[in-house]
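Read the structure below first, then the notes.
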Amino acid sequence: MPAEELFREDAYLKSCRSTVTRVDDRTLCVEQTVFYPLGGGQPGDTGTLAWEGGSARITDTRYCEDGDIGHILDAQSAMPPVGTPVELAIDWDRRYRHMRMHTAMHLLGSILRYDVTGGNISTEKSRLDFNMEDTVDKAAVASALADLVEADHPVSCRWITEAELDAQPELVRTMSVQPPRGKGSVRLLEIAGVDLQPCGGTHVRSTSEVGAVRIGKVEKKGRQNRRVNIHLDD
Ligand SMILES: [Zn+2]
C-alpha cells in the first residue's frame, strides 16, 4: 500500500506519526506522510525524521516508481528499519512559502488566460510560462494580482469522480485546465469565483495569505512563449 497522503486533505499539517514500511538505499517509505513529493512544478518537502534513539534529515521527497512516496535521507544518517514508529516533520517555513507561491500561480493564470506550458516554484522566485504572442502589461497584471490577494477569496480542494464530471459538462467548461481522465477521480482546486482546475499541490486557505507577491521580469522565450516571474518579498 502506498503512503496515505495527509497533505492532500490538510496542507497545514506540519508533522505526523507513522511507521516505516520500506527502506531502499537512502529512500524511506512510511504508512502516512505530511511530506509533499516533487510534482506539478512544486519542490518536494524537506524536514526531519525522528524515532526512538535516532533522527535524520529528510533532504527531498520524490515519488517512487510504484507511486509510493520516497523520503530521501541525508547520506550520513542511520536508516530506521521497517516497522519502526517514526515522527515526520516538514520544514514548515519553506513549505508555507511554496503554498503561497503555488496559490499565487493560480491567481496569475486566472489573470493571463492563456495555456500554461510550464512552471516552477521555489521559496523566493517562481515562474509560469504562457503560450502567448501578446505583450504582457506588467503594471496591469501586478494590479490585478494585488486586487485578488486583497479580496481574500477562499481556496478549497475537493475530489470529484469522472462520472460526476461527465454529468456536469458546464463544470468542465469552466475549468481553466481540462481534468485528466482514467484515474477514476480528480482533485479540484477552487479559488472561489477566480479559478477552478485539477491540481494536486498544496495551497493556502485564502488568497490574502499569499501576501507580499511581486511581478518580476517578463521574458520572451520564443515567439509564442512569455515567461512571467513572481517574487515573495517578505
Ligand atoms: Zn495548485
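All of these numbers come straight from a predicted model, not from anything done at the bench. Both ligands and their constituent atoms are indexed starting at 1 by order of listing.
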Query raised in the report: So, do R57 and T48 sit near enough that their side-chain heavy atoms are less than 4.5 Å apart?
Result: yes
Only residue of D45, T61, D60 satisfying side chain to side chain contact (heavy atoms under 4.5 Å, CB included) with P37 is T61
Hey, are D195 and S176 close enough side-chain-wise for a donor-acceptor pair under 3.5 Å?
yes
Do Q42 and T202 have side-chain N/O donor and acceptor atoms under 3.5 Å apart?
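There is such a pair (donor and acceptor under 3.5 Å, judged by atom type) between the side chains of Q42 and T202.
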Next on the checklist: Is it true that, when you exclude K220 itself, more than 12 heavy atoms of the residues, nucleotides or ligands shown sit nearer than 6.0 Å to its NZ?
Outcome noted: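 Check fails, neighbour count at 12 or below.
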task = Please list, in chain and residue-number order, the protein N/O/S atoms closer than 2.8 Å to the Zn ion (ligand 1).
result =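 Per the 2.8 Å query on the Zn ion (ligand 1), atoms found are H102 NE2, H106 NE2, C199 SG, H203 NE2.
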Got a sec, which hydrophobics cluster with Y63, joining ILVMFWY side chains under 4.5 Å apart, including via others?
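Answer for Y63: F7, Y36, I69.
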